[in-house]
Amino acid sequence: MLYTLSGLENKLGLGINYNGSILFGNSNSYNDIGIFGLNFYGIKAKYHFLKNKITPFISLSTGLSNLSTPEITDENDTNITEGESEFAFGLRPEIGTNLGNFIISSGYILPMKYRKFGQKAGVFQLSIGFRHKTL
């Protein structure tokens, strides 16, 4: 959700955002499955350079990033691995363009250190979407 500021010709918007990712990879002794969730909850400032049909923009979000592992159970509902989660301060810069109602952007949740997991985690995200304008 983003609110634009009319005093700046609606080029600057402020709001809240959420981004989520599932990461697969080598876990290096934390858990054998190597599946992690990386979520970002923050406040966002977005600046549009033009007010045309094609509108490039940049944004910066700041807030909390959350790295988590799933809880794993067997067929008898016996817990094999406990799910764990840890929060850290997070930043997510983004660049993109609006093509009419279509949006194409790329953002990067900067790698943050998660002490519980003993590692850093970040993710590059590519987004393609459609925005329906409401009154």
What distance separates [X] [atom1] from [Y] [atom2], expressed to the nearest 0.5 Å?
X	Y	atom1	atom2	value
T62	R92	OG1	CZ	12.5 Å
S68	L23	OG	CG	9.0 Å
I16	I43	CD1	CD1	10.5 Å
K46	S105	NZ	OG	7.5 Å

Short side-chain to backbone donor-acceptor contact, [X] and [Y], under 3.5 Å:
X	Y	answer
N66	E86	yes
S106	L126	no
K53	L99	no
D74	N76	yes

Quick check on the hydrophobic clustering: are [X] and [Y] connected, directly or via other members, by side-chain heavy-atom contacts under 4.5 Å?
X	Y	value
F40	F89	yes
Y18	L64	yes
L38	L91	yes
F57	L60	no

field: Distance-only side-chain donor-acceptor flag, Y41 / S65, under 3.5 Å
entry: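 S65 and Y41 do not have a side-chain donor-acceptor pair below 3.5 Å.
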query: Below 4.5 Å, heavy atoms only, C-beta onward: do L110 and M112 meet side chain to side chain?
result: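 The answer is yes, as the side chains (C-beta and beyond) meet within the 4.5 Å cut-off.
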- request: Report yes if the side chains of Y47 and K11 come closer than 4.5 Å at any heavy-atom pair, otherwise no.
  value: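 Touching, per the 4.5 Å side-chain cut-off.
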query: Does K44 have any salt bridge (charged side-chain N to carboxylate O under 4.0 Å, His left out) partners at least two apart in sequence or in another chain, and if so, which?
result: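 Once residues adjacent in sequence are excluded, the partners of K44 under the salt bridge (charged side-chain N to carboxylate O under 4.0 Å, His left out) criterion are E94.
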field: Stepwise side-chain contact (heavy atoms from CB on, under 4.5 Å) check, Q125 with V123
entry: CA-CA 6 Å; Q125 299 171 319; V123 67; 4.1 Å; yes
Taking all non-hydrogen atoms of both residues into account, name the closest pair between [X] and [Y] and its distance.
X	Y	result
A88	K113	CB-O, 4.1 Å
F36	L67	CB-CD1, 3.9 Å
I35	P70	O-CD, 3.3 Å

- request: Please assess Y114 against K120 for the test side-chain contact (heavy atoms from CB on, under 4.5 Å), listing each intermediate value before the final yes or no.
  value: CA-CA 6 Å; Y114 298 93; K120 289 184 176 184; 5.9 Å; no
message: In terms of relative ring orientation, are F124 and Y108 parallel, tilted or perpendicular, with 30° and 60° separating the classes?
response: tilted
message: Before you tell me yes or no, could you show the steps for N19 and N39 under side-chain contact (heavy atoms from CB on, under 4.5 Å), namely the whole-Å CA-CA distance, both residues' side-chain angles and the distance that decides it to 0.1 Å?
response: CA-CA 6 Å; N19 298 95; N39 298 303; over 6 Å; no
message: Set out, in order, the CA-CA distance, both residues' side-chain angles and the distance that settles side-chain contact (heavy atoms from CB on, under 4.5 Å) for T97 and I54, then state yes or no.
response: CA-CA 7 Å; T97 188; I54 299 175; 3.9 Å; yes
message: Does I22 have more than 12 heavy atoms from other residues, nucleotides or ligands lying within 6.0 Å of its CD1?
response: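 Not buried by this count: 12 neighbours or fewer within 6.0 Å.
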